[in-house]
Amino acid sequence: MKLLTHNMLTSNIIKGVKNGYPLKISASDVQLIDVDFNPEFITRMIPKINWKVLHEAAQSLGHANDLPAELNAEYEADQEFLKKTHHVLLEVEVQEGDLICPETERKFPISHGIPNMLLKEEEI
Amino acid sequence: MAASLKNAWKKYILHFAHDHLEKNPFLEIELPSNNAASQIMSRLVLGKSIYELWGKASCVDDLLLKLKSSNINNPCSSSDTSFKIDVECFNRTQTMEQKIERIQLKFNGRVNLSKPQHKFSLLEFYEYDSVNPKEAPQQVYFGRWVRSNTSMDPTLSLLMATMGQVKANDLVFDPFVGSGGWTLGIVRTFWGICKPSRKGQKWRFRDETILNNLRQYNLEKHYVDAFVADFTSYKLWCTDQPRFDAIITDPPYGVREPSQKLGKHKQSKSQQDKETAETSAANCYPTKTSYHLTNMLLDLLDFAARTLTLGGRLVFWMPIVRDIYVPENIPHHPCLKLVSNSEQIFFIRVSRRLITMEKVTEFNVRRILT
């Protein structure tokens with residue numbers, strides 16, 4: 001699971017949960033993979049993501065490095081910044097662990113890099 | 001100079017892969033070379049075959065006369081060459097005898113049906129008439145085969161991408177991705193996301209993943225991520241803002257699945273009940289199917305209305321029973337405008353429609369409720 005995916009998922013699917021965002025991450029295996037850097041894609045992605053959530057997620061995994069906590073208004077021209085964003089969005093991959101609902105602590109397992117967001121019948 | 005160049009251009013006949021019976025699928029064009037024809041075919045999503053046009057007429061006899069009197073440089077003029085001639089009729093079937101009767105051309109080469117050096121085709125277009133098929137063709141063509149596009153299915157995935165207007169760096173989502181079949185078709189053009197959320201996904205092989213499928217084509221850099229979920233609710237997503245430039249999908253309607261289930265032997269009672277409910281919904285009780293189908297499609301439209309960027313497109317397949325289909329069957333949503341609705345016929349009674357919708361209004365809960 002990439003942090004881009006984490007940035008979009010909620011646990012509001014659980015019956016009764018109102019604020020299931022952002023999900024907490026508990027990771028037992030995080031891998032760094034190489035993904036070709038495409039500045040245009042990253043520039044287009046930034047307005048679509050919740051920056052604060054991305055920054056906190058990267059920090060909780062220990063991979064925020066010197067990623068700024070606030071988004072700079074002129075990020076489009078800042079190649080270094082786009083590279084760092086590229087790294088946390090696409091190259092940090094949670095292989096094994098859990099996504100955790102912030103309200104109920106319900107765990108969604110991540111196995112072989114794929115989060116399983118399925119619920120039991122009584123949870124819907 | 002320009003005139004002489006223009007003269008060097010040859011006529012070609014392009015055979016489109018469409019099912020619209022009332023339209024002539026053969027288009028006459030001029031191109032500078034066979035190489036150019038081949039290049040066009042390699043990019044043409046709906047092109048079936050292209051031929052160097054040797055002659056056209058309104059009946060086969062005229063056509064044969066024209067061919068005899070024309071001074072085309074026939075590559076089959078010497079006896080050590082081999083060839084074959086296919087007969088292809090649109091809106092009309094012909095028996096093998098009728099076909100053979102039509103192609104009494106005196107070529108010097110040998111006939112070789114399996115591995116000919118040169119392939120020719122007689123193409124006949126009949127005006128569509130479902131009650132009394134026309135006896136005489138409207139137009140006939142004879143040409144030398146240049147190139148065909150092999151398979152329809154990858155073509156369809158390219159068509160889906162085209163309808164979705166997928167561009168470089170778009171973020172594209174498939175809520176029912178399976179092993180990523182169609183993404184192979186479009187992934188060339190985008191750097192996007194393909195996330196599956198399909199309940200009860202089973203792996204046939206451990207390494208049968210979307211990523212591995214893409215890797216075979218060296219396209220893995222276009223892949224973003226995947227997860228497993230039940231696609232019934234937009235609530236899975238943080239919908240504070242629209243994110244997807246396109247949503248392109250072939251939802252699991254349970255039309256193909258039942259045939260795989262027939263072969264199973266012993267099952268637990270609950271499993272049996274579950275599967276019977278699924279199969280009967282698809283096979284025996286159309287009212288149930290349409291209810292089920294409608295719900296799934298309404299969920300899909302609702303999801304698209306919330307998560308597509310303005311101007312973004314939703315593209316999906318929808319199975320149709322042709323006897324009872326009316327355009328009103330296509331679901332609608334106040335935020336989505338129907339852009340296109342095209343049919344792929346499977347059998348006389350069954351087809352599927354490729355529906356394309358564009359998000360034209362920002363999603364607003366109040367507007368939906370009132």
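Quick note on labels: first sequence line is chain A, next is B, and so on, each numbered from 1.
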Visitor: Non-hydrogen atoms of chain B under 4.5 Å away: do they reach the side chain of A/Asp34, the backbone, both or neither?
Guide: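 Neither the backbone nor the side chain of A/Asp34 comes within 4.5 Å of chain B.
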Visitor: Given the options A/Arg44, A/Met1, A/Glu93, which has more heavy-atom pairs under 4.5 Å with chain B than any of the others?
Guide: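 Highest number of heavy-atom pairs under 4.5 Å: A/Arg44.
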Visitor: Say you draw a straight line from CE of A/Met8 to OG1 of B/Thr307; how long is it, rounded to the nearest 0.5 Å?
Guide: 9.5 Å
Visitor: Answer yes or no: does atom CD of A/Glu123 have more than 12 heavy-atom neighbours from other residues, nucleotides or ligands under 6.0 Å?
Guide: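 Result for CD/A/Glu123: enclosed.
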Visitor: In this structure, are over 12 heavy atoms from other groups packed under 6.0 Å from A/Lys84 atom NZ?
Guide: yes
Visitor: For B/Thr309, which atoms come within 4.5 Å of any heavy atom of chain A: side chain, backbone, both, or neither?
Guide: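 When you check distances to chain A, only side chain atoms of B/Thr309 fall under 4.5 Å.
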Visitor: Of the non-hydrogen atoms in B/Cys238 and A/Thr10, which two are nearest, and what is the gap between them?
Guide: N-CG2, 3.3 Å
Visitor: Tell me the closest heavy-atom pair linking A/Lys48 and B/Asp245, and the distance in Å.
Guide: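 Closest heavy-atom pair between A/Lys48 and B/Asp245: NZ-OD2, 2.8 Å.
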Visitor: Please state whether the side chain, the backbone, both or neither of A/Pro22 comes within less than 4.5 Å of a heavy atom of chain B.
Guide: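 Answer is neither: A/Pro22 stays 4.5 Å or more from chain B.
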Visitor: Check the surroundings of atom CD in A/Glu74: do more than 12 heavy atoms from other residues, nucleotides or ligands lie under 6.0 Å from it?
Guide: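 Not buried by this count: 12 neighbours or fewer within 6.0 Å.
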Visitor: If you look at every heavy atom in A/Ile49 and B/Arg243, which pair is closest and at what distance?
Guide: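 Taking every non-hydrogen atom into account, CA-NH1, 4.0 Å.
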